[in-house]
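Here's the structure, in structure tokens; my notes come after.
So you know, we letter chains A, B, ... as the sequences are listed, proteins then strands, and number each from 1. Worth saying up front: this structure is predicted, and the values here are computed from it rather than measured.
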Amino acid sequence: MKNSVEIKNLDLQFGAVKVLQNLNLEIGKGEFLVLLGSSGCGKSTLLNCIAGLLDVSGGQIHINDRNVTWAEPSERGIGMVFQSYALYPQMTVEGNLSFGLKNAKLPKSEIETRIKHASEVLQIEPLLKRKPAALSGGQRQRVAIGRALVRDVDVFLFDEPLSNLDAKLRADLRVEIKRLHHKLQNTMIYVTHDQIEAMTLADRIAIMRGGQIMQLGSPDEIYGRPVNKYVADFIGSPSMNFLDGQVKNGAFQVGDLTIPLDGYDFADSSGSAEGPATIGIRPEHVVTGELVENTPFQIEVEINLIEPTGSDTLVDCEVAGHHFRVRMDGQSKVSVGEKLRLGLAPSKASLFDAKTELRL
Amino acid sequence: MKNSVEIKNLDLQFGAVKVLQNLNLEIGKGEFLVLLGSSGCGKSTLLNCIAGLLDVSGGQIHINDRNVTWAEPSERGIGMVFQSYALYPQMTVEGNLSFGLKNAKLPKSEIETRIKHASEVLQIEPLLKRKPAALSGGQRQRVAIGRALVRDVDVFLFDEPLSNLDAKLRADLRVEIKRLHHKLQNTMIYVTHDQIEAMTLADRIAIMRGGQIMQLGSPDEIYGRPVNKYVADFIGSPSMNFLDGQVKNGAFQVGDLTIPLDGYDFADSSGSAEGPATIGIRPEHVVTGELVENTPFQIEVEINLIEPTGSDTLVDCEVAGHHFRVRMDGQSKVSVGEKLRLGLAPSKASLFDAKTELRL
Amino acid sequence: MASTRPNQLFRNKSAKIAAIPMIVTALFVFVGGTIWTVVYSFTKSGLLPRLKWVGLDQYERLWATRKWLVSIENLAIYGLCMLVLVFVIGFILAALIDQKIRFEDTIRTVILYPYALSFVVTGLVWQWILNPDFGVQNVVRGWGWESFTFDPLYNADIAIYGVLIAGLWQGSGLVMVLMLAGLRGIDQDVWKASRVDGIPAWKAYIFIIIPMMRPVFVTTLVIVVTGIVKIYDLIVAQTGGGPGIATEVPAKYVYDMMFQANNLGQGFAASTMMLVTVALIVIPWAILEFGGSKRHD
Amino acid sequence: EDLEVMHWWTSGGEAAAVGELAKAFDATGNTWVDAAIAGGDAARAVMVSRLTGGDPMGAFQFNHGRQAEELIEAGLLRDITDIAEAEGWKDIVNPPSLLESCTVDGRIYCAPVNIHSWQWLWLSHKAYEDAGLDVPTNWDEFVASSASLNAAGKLPLALGQQGWQQRGMFNVLFAALVPNDVFLAVYDEKDADVAAGADVSRVFAAAADARDMAVKSTVQNWNDATNLVITGQAGGQIMGDWAQGEFAVAGQVAGTDYSCLPGLGVTEVLSTGGDAFYFPVMKDDTKTAAQSELAALMLRPATQVSFNLAKGSLPVRGDIDMSTANDCMQKGLGLLANGAILPDTAQLVTPDTAEQISTLFIEFFADTSITVEDAQAQFVKIIATAE
Amino acid sequence: MIDTPSTPLTGPQGPKPRKSFSRRNIFLYGTLLTIALFYALPLYVMFVTSLKGMPEIRLGNVFSPPLEVTFEPWVKAWSEACTGLTCNGLSTGFWNSVQITIPSVILSIIIASVNGYALSNWKFKGADAFFTILIFGAFIPYQVMLYPIVIMLREIGLYGSLGGLVLVHTVFGMPILTLLFRNYFTSLPEELFKAARVDGAGFWRIYTQVMVPMSLPIFTVAVILQVTGIWNDFLFGVVYTSPDNYPMTVSLNNIVNSTQGVKEYNVNMAATILTGLVPLSIYFVSGRLFVRGIAAGAVKG
Ligand SMILES: Nc1ncnc2c1ncn2[C@@H]1O[C@H](COP(=O)(O)OP(=O)(O)OP(=O)(O)O)[C@@H](O)[C@H]1O
Ligand SMILES: Nc1ncnc2c1ncn2[C@@H]1O[C@H](COP(=O)(O)OP(=O)(O)OP(=O)(O)O)[C@@H](O)[C@H]1O
Ligand SMILES: [Mg+2]
Ligand SMILES: [Mg+2]
């Protein structure tokens with residue numbers, strides 16, 4: 001048993017619209033995989049296919065080395081948590097948790113044990129007799145997870161479980177899910193379009209776009225070495241700054257600036273590519289203040305706009321005619337119109353081909 | 001004309017439920033005020049009162065020094081953007097923008113000029129002939145703003161305009177709104193429960209709770225010197241760490257730790273309070289690595305959990321029996337179970353009375 | 001457990017089994033009944049259905065019969081007026097009731113109650129009320145307005161409108177309730193937006209709210225139109241098709257032919273014409289409305 | 001044995017009459033199971049449905065006439081010739097045309113039970129008194145009086161605005177204003193030339209008169225029209241013998257408060273429409289036996305007397321004592337006895353034709369722009385295509 | 001907490017004064033009152049007529065209140081009016097009607113709701129075609145189908161029985177009800193349905209345990225539509241059953257529609273009001289649910 005979930009050449013279309021195209025994915029036992037992508041890219045569709053809630057148009061799905069392509073959802077050994085929670089509104093929390101077990105005709109004692117265990121893990125014991133309407137968002141969310149938990153399955157599917165919550169609750173629940181994974185050690189497939197969630201939770205992240213997987217890798221890899229401009233732009237908040245220019249003689253030229261590329265790790269290790277390209281620099285990788293002196297490339301800009309977020313301060317400026325953002329410490333005192341010196345380290349930048357948008 | 005909006009002794013009740021209680025608020029001309037508070041605290045209600053969409057139960061509302069308590073919404077010189085956008089679904093974007101103007105019997109040329117201007121500012125010219133259903137979330141949002149914009153009013157009211165959007169779009173639109181404010185220089189009252197939005201956009205923030213304003217001040221003030229524990233906890237993500245203990249002899253005692261309070265700016269400047277209290281320390285104000293040496297208070301902890309977010313790494317640990325979170329640089333390489341040295345600067349901490357929860 | 005694609009016929013088995021009553025009804029009752037009707041419309045069936053073919057004779061006679069032509073014309077007038085007015089009245093009532101008024105329940109029930117009463121007698125009551133000698137006209141004249149004339153049921157030119165009044169009285173309550181429900185489903189923010197825009201309520205209803213209520217209108221439309229096409233009892237109870245044949249309608253023609261004239265063939269020919277017309281309208285519409293797209297939410 | 005009998009006699013008098021039949025039937029040791037549905041149309045629909053649905057009732061009421069022909073052809077109805085013969089109906093039924101209507105190909109399929117006649121003009125004494133006129137004694141006087149009645153604020157002729165009343169009135173005019181042979185030539189032989197002739201023109205002219213006289217009649221139901229006559233608001237009404245019931249209920253006395261003119265006082269003749277019972281073929285022999293008993297019983301003198309007195313109709317046999325009948329009914333009995341009778345149109349034309357004629361007159365009465373000539377031309381067309 | 005002690009307020013403050021006789025209110029309540037009167041007028045006429053004796057009715061003014069109130073027409077309508085030989089008024093038919101209405105309403109709603117459920121959540125190939133036919137069926141005049149259905153019922157041996165009538169009501173209620181339920185179920189969150197499938201619930205279990213408990217409002221709507229329709233039905237009741245099962249409307253029809261003989265309008269009116277009481281009381285009881293039901297579902301198309 002190598003893989004927990006294996007998806008082979010999966011195709012799915014609604015009528016003439018191809019939503020998933022020849023998709024392959026292997027997820028190891030106990031792995032926490034996050035599917036990340038913008039709205040409409042097919043994340044939920046993929047999850048629904050795995051769960052058996054949509055009939056695939058082609059390809060196979062294996063769960064625990066069993067071909068389940070045509071199996072009923074309940075026979076696949078999966079549990080699923082929905083974006084809207086989808087709690088049964090007329091049943092109590094206990095009813096919600098036990099519904100699936102009763103369907104599976106489990107003995108009463110067994111049902112009780114499982115509910116007890118799940119509600120302990122999720123700390124919802126005092127809520128068991130309430131109906132969903134009497135719960136707060138976070139509590140509902142936990143019940144929804146509990147419903148997957150009691151099924152005692154190996155694979156958990158989460159479809160944007162946190163996207164309806166406010167920022168604070170979201171942060172708290174994120175931690176809880178992470179903790180749960182540590183405790184249970186089962187496979188989790190987690191859909192989100194929130195990249196903070198993806199980065200904090202995932203063992204590996206799959207970035208999807210238009211029904212295909214763009215990049216599959218650890219959060220570090222995706223953050224640090226995005227395979228193309230789309231991924232680079234998608235990951236990171238505030239998002240990466242892009243400057244369009246040329247790679248020439250081991251340096252990047254944009255407008256009248258020349259950024260040396262010494263230390264940049266080219267994808268094609270043989271040599272340095274040449275030609276029109278885009279350089280991407282994360283706002284948090286731009287240094288200011290005294291540290292500037294140590295960087296290979298420096299520039300002075302005028303501050304256009306300041307957004308203090310408390311912990312950080314975001315500064316908008318212009319570099320070579322491109323809108324450029326810099327993240328500074330929350331305590332920094334700067335003001336609009338002031339001049340600011342910035343320093344960049346090419347080793348932390350990303351270069352993309354102007355045409356293919358692939359990493360250079 | 002001192003103030004753009006003035007709210008005096010405002011009361012509002014639904015039947016027996018008092019939603020707003022004796023609320024006073026003055027908003028200067030051109031100010032960007034954010035109303036921040038958890039769900040159900042009365043933010044929307046207050047905004048609706050200002051807009052004239054709800055009849056107040058007591059008190060007055062002045063806009064541009066005119067008592068508008070009994071005026072019709074359309075006569076108040078306000079524009080409003082709703083959480084759900086509330087676009088007229090069957091009209092084109094242009095129709096949505098012009099409907100109110102046509103109704104006010106403005107000359108055609110004037111209507112055209114205003115629409116042209118608004119759509120330029122918001123960059124929605126290419127969308128003018130489309131219907132809302134054919135727009136993406138962000139575009140709809142801009143149309144909703146445009147509808148307020150064409151009314152050419154001094155006061156804009158926003159009711160959680162971004163809460164339905166995904167994180168990335170949200171960040172982008174936030175910037176746009178900020179920019180718009182810079183350009184137009186009109187008064188804006190903006191409701192949200194997302195504190196990042198509040199911090200980045202506001203000139204001043206009003207933190208609401210249970211129909212009352214807890215604290216009104218600049219983002220810095222609110223972030224740095226919260227007046228009570230509620231505000232302190234509410235602002236900041238990840239949220240502030242709280243340790244319950246005692247203030248004794250100019251130091252804070254929790255468990256067997258003693259945190260010196262030298263440099264702490266007591267609210268009651270006369271002297272240092274004594275007795276049971278809570279200390280609040282923001283995760284981003286805890287230092288690690290070499291910098292620890294410079295801090296007045298240091299402690300070694302074991303790492304329980306790590307959450308890398310790309311740009312930062314959040315570390316969970318335990319301090320004096322309390323759950324404690326630390327924000328580290330995204331590049332820091334630490335692992336669960338490892339020991340970590342932390343340093344605190346009391347000057348950046350907040351102290352709250354254990355009973356009243358007010359700032360000491 | 002299948003690793004190969006299972007037989008399509010047996011997927012979704014329970015749903016197919018559950019839909020059997022619907023399929024049987026659709027095929028046997030509606031399609032079967034329709035075919036049966038069409039087939040017998042080419043026969044010379046009298047009191048009993050009999051397969052004595054006469055070709056298109058029944059249709060020729062049908063279209064040569066003034067009563068039928070008048071029926072169609074009446075249905076067109078009645079249908080159009082009813083459709084427009086029942087929606088207008090139903091909507092206005094719903095809009096008025098939606099103004100957070102007091103005694104809403106009472107008013108709603110008063111307006112809905114005609115729907116509960118059978119036509120047999122409501123027709124009679126309206127006959128009385130519209131009767132010039134002891135109805136409204138009489139009362140108004142009693143007040144001193146001697147020249148007041150209101151006798152819709154006794155003037156062949158406008159008799160159908162007399163029926164219309166009763167039809168509206170009976171049917172608008174249901175439309176009102178449906179519309180009210182639709183109004184309650186409208187996002188309150190849209191209302192607020194229109195108030196901020198300074199749009200008067202009537203304008204907001206016409207330009208904003210009504211277009212947003214399309215789904216309710218569709219459901220209501222089906223209910224109202226089926227009621228119009230099948231109108232029969234009211235006419236019989238109120239005017240019996242009179243004065244003269246001024247208020248005859250197709251369904252009554254069918255009924256008269258079948259059960260009074262004992263000429264089933266003619267009745268079937270008339271109903272075939274009705275069904276063909278309905279099919280021409282309903283089927284393309286239904287395909288647009290219900291076919292194709294999956295879920296409308 | 002239980003025998004279900006279906007009919008559309010639901011009003012008070014009718015129900016009482018049914019009660020007499022039921023009593024008589026129950027006395028034979030059987031049980032009459034009553035199934036009454038008001039309204040001939042609905043009732044006929046039910047009867048036909050029950051017959052085709054294979055769940056026939058024991059017996060059912062139908063109008064005399066050709067309505068049942070198809071049911072007989074389809075073999076759904078029982079041949080009761082043997083009973084008729086055993087009971088000697090041929091000799092007792094008066095007029096014999098009633099039995100003829102029950103006969104198809106020489107076999108008898110129904111039992112006639114009563115005669116209802118349409119040809120009555122009911123006149124209000126009060127109305128004429130108020131207008132200072134004498135009560136007319138025939139149709140022409142009645143027409144002549146209309147102007148004065150009008151002047152006195154009275155409605156000359158009360159007419160309910162329902163089709164069957166208008167058709168009925170036309171048929172009455174037809175029967176009363178032309179010689180019998182003309183009537184039969186048109187309705188029985190379907191002679192279009194006669195229908196186009198001058199005799200028939202007189203009927204149409206009279207119908208036009210009636211139309212003018214009734215132009216202000218705004219009531220719908222026949223009994224509301226009758227009420228106008230009772231209260232003296234209208235001069236008269238042409239309506240069948242059942243109208244008598246209304247006068248009786250209102251406490252009016254024939255001769256003093258109102259007059260009845262059979263055959264409109266012109267040709268004193270009555271048509272012999274009425275009701276008959278049919279007996280479906282049943283599988284159960286005991287039911288068939290019960291049917292036989294019922295059929296036989298229906299024409300027995302005792303039943304005829306009690307039934308017809310209750311119903312206000314005339315018996316189908318002339319050999320019984322009806323001395324308890326009232327004034328108008330006695331007039332009718334006298335006519336019957338004299339053989340001053342015509343078959344009812346329902347016995348002569350198919351329902352389809354009747355319906356067409358009916359529609360024509362409904363239109364004619366409602367629309368004064370239809371001329372006498374037009375109407376007659378259309379009538380001729382209908383007769384020409386009638387079967 | 002900000003609590004600036006404020007100076008005494010001048011000018012408009014507090015709630016906007018609303019005159020109870022504002023133009024808006026006069027218009028609103030005036031219109032509603034007028035309309036309510038218009039709607040209530042026929043009921044008034046029916047009611048006063050039912051309390052008059054026949055001589056008074058003959059006097060003619062339908063609007064005048066009874067000079068002499070008599071309840072006899074009500075008694076007569078309920079328990080004395082004759083239908084042929086049985087003179088029990090509406091009372092016998094009443095129980096028959098109850099016996100017809102209850103199973104018909106239940107069966108038609110169950111079948112239509114299952115159809116709607118299958119059409120919205122378990123769509124199979126061709127389902128839409130059948131649905132379109134159903135909608136088409138809603139337009140077919142009942143009379144036309146009278147004989148074909150007699151034949152069908154005869155073939156399946158249900159002709160003349162209560163079961164047959166229940167079946168007929170089910171069939172003719174199906175189009176509109178299916179439309180209603182289909183639209184309602186479609187508007188319920190699809191994820192609930194999916195969650196139940198993951199929980200291993202099958203077609204029926206999801207229907208009974210998840211969908212039905214969430215759809216009480218639309219069921220109320222359906223009950224109202226069906227109770228009104230079936231309770232007031234005359235034609236089917238009389239054509240497809242035998243006399244011992246005739247519904248109340250047959251008595252009503254017999255009271256009202258007797259052509260030859262004396263017409264007792266007061267009894268007619270009383271009978272009609274009595275017949276209408278059952279649906280009417282259902283409206284009263286469920287008015288609120290009715291609105292909510294449609295709002296939550298039927299409305300979405
Ligand atoms: N039933 C359907 N018929 C046709 N197209 C569909 C259907 N369901 C989904 N789609 C399309 O499939 C694509 C993928 O949808 P999916 O729900 O998987 O997106 P997603 O990645 O989950 O987006 P989100 O983040 O908004 O939930 C979308 O473009 C959508 O329009
Ligand atoms: N019509 C109403 N009747 C009774 N209570 C109401 C009504 N509208 C709002 N409330 C109550 O008033 C309080 C404030 O509501 P409000 O909508 O202003 O909250 P909010 O701060 O905007 O919250 P959110 O962030 O969820 O939008 C809530 O507790 C709510 O339950
Ligand atoms: Mg999704
Ligand atoms: Mg709000």
Side-chain angles (χ1 to χ4, degrees), chain B residues 14 44-45 47-55 71-92 95-106 111 131-133 140 143-153 155-161 164, chain C residues 84 87-88 91-92 94-95 98-105 178-221 285 288-297:
Chain B
F14 292 114
S44 302
T45 308
L47 214 63
N48 279 319
C49 287
I50 299 176
L53 295 169
L54 281 175
D55 276 358
E72 275 298 298
S74 52
E75 298 162 356
R76 296 186 175 208
I78 50 121
M80 188 158 177
V81 179
F82 295 88
Q83 181 165 356
S84 60
Y85 311 147
L87 298 182
Y88 310 134
Q90 72 297 342
M91 296 185 191
T92 60
N96 267 281
L97 297 180
S98 62
F99 196 50
L101 304 180
K102 278 191 196 145
N103 208 57
K105 301 238 169 5
L106 251 64
I111 295 181
K131 294 205 172 167
R140 284 180 209 184
V143 176
I145 296 176
R147 201 168 51 181
L149 206 58
V150 290
R151 302 199 67 236
D152 202 16
V153 291
V155 181
F156 273 23
L157 308 174
F158 290 86
D159 192 356
E160 315 200 19
N164 282 345
Chain C
V84 171
F87 270 89
V88 168
F91 187 84
I92 291 179
D98 197 33
Q99 305 300 312
K100 299 199 177 75
I101 56 161
R102 294 208 267 168
F103 315 117
E104 182 194 316
D105 282 359
L178 286 155
M179 293 288 151
L180 183 60
L183 282 175
R184 299 260 154 103
I186 297 274
D187 180 5
Q188 284 304 303
D189 279 357
V190 171
W191 275 114
K192 292 181 177 177
S194 79
R195 282 188 69 194
V196 171
D197 268 351
I199 292 156
W202 65 271
K203 240 183 189 176
Y205 274 117
I206 292 176
F207 293 106
I208 301 169
I209 305 301
I210 292 181
M212 287 176 77
M213 282 171 45
R214 196 186 114 86
V216 204
F217 276 79
V218 169
T219 307
T220 315
L221 191 75
W285 171 75
L288 277 182
E289 189 71 29
F290 307 114
S293 59
K294 298 280 174 202
R295 290 171 63 97
H296 318 248
D297 37 4

>> Evaluate C:I208 against B:F99 for side-chain contact (heavy atoms from CB on, under 4.5 Å), listing each step before the verdict.
In response: CA-CA 10 Å; C:I208 301 169; B:F99 196 50; 3.6 Å; yes
>> Show the nearest heavy-atom pair for residues C:G198 and B:S74, with the distance to one decimal.
In response: CA-CB, 3.1 Å
> To the nearest 0.5 Å, what is the distance between NZ (C:K192) and CG (B:L47)?
Replying inline: 9.0 Å
>> Tell me if a side-chain donor or acceptor on B:Q90 pairs with a main-chain N or O of C:I209 at a distance below 3.5 Å.
In response: no
> Considering only heavy atoms from C-beta outward, does the side chain of C:W191 approach that of B:L53 to under 4.5 Å?
Replying inline: no
>> Between C:V196 and B:R76, is the side-chain contact (heavy atoms from CB on, under 4.5 Å) condition met? List the steps.
In response: CA-CA 9 Å; C:V196 171; B:R76 296 186 175 208; over 6 Å; no
>> Restricting to non-hydrogen atoms, name the atom on C:P200 and the atom on B:N103 that form the minimum distance, rounded to 0.1 Å.
In response: CD-ND2, 2.9 Å
> Between the side chain of C:R195 and the main-chain N/O of B:A51, is any donor-acceptor distance below 3.5 Å?
Replying inline: no
> Excluding sequence neighbours, so at least two apart, what forms side-chain hydrogen bond (donor to acceptor under 3.5 Å, both in side chains) with C:D197?
Replying inline: B:Y88
> chain C heavy atoms under 4.5 Å from B:L101: which part of the residue, side chain, backbone, both or neither?
Replying inline: neither
>> On a heavy-atom basis, which atom in B:A86 and which in C:A193 lie closest, and how many Å separate them?
In response: O-CB, 4.0 Å
> Which of the residues B:M91, B:K102, B:R147 is involved in the greatest number of heavy-atom pairs with chain C at under 4.5 angstrom?
Replying inline: B:R147
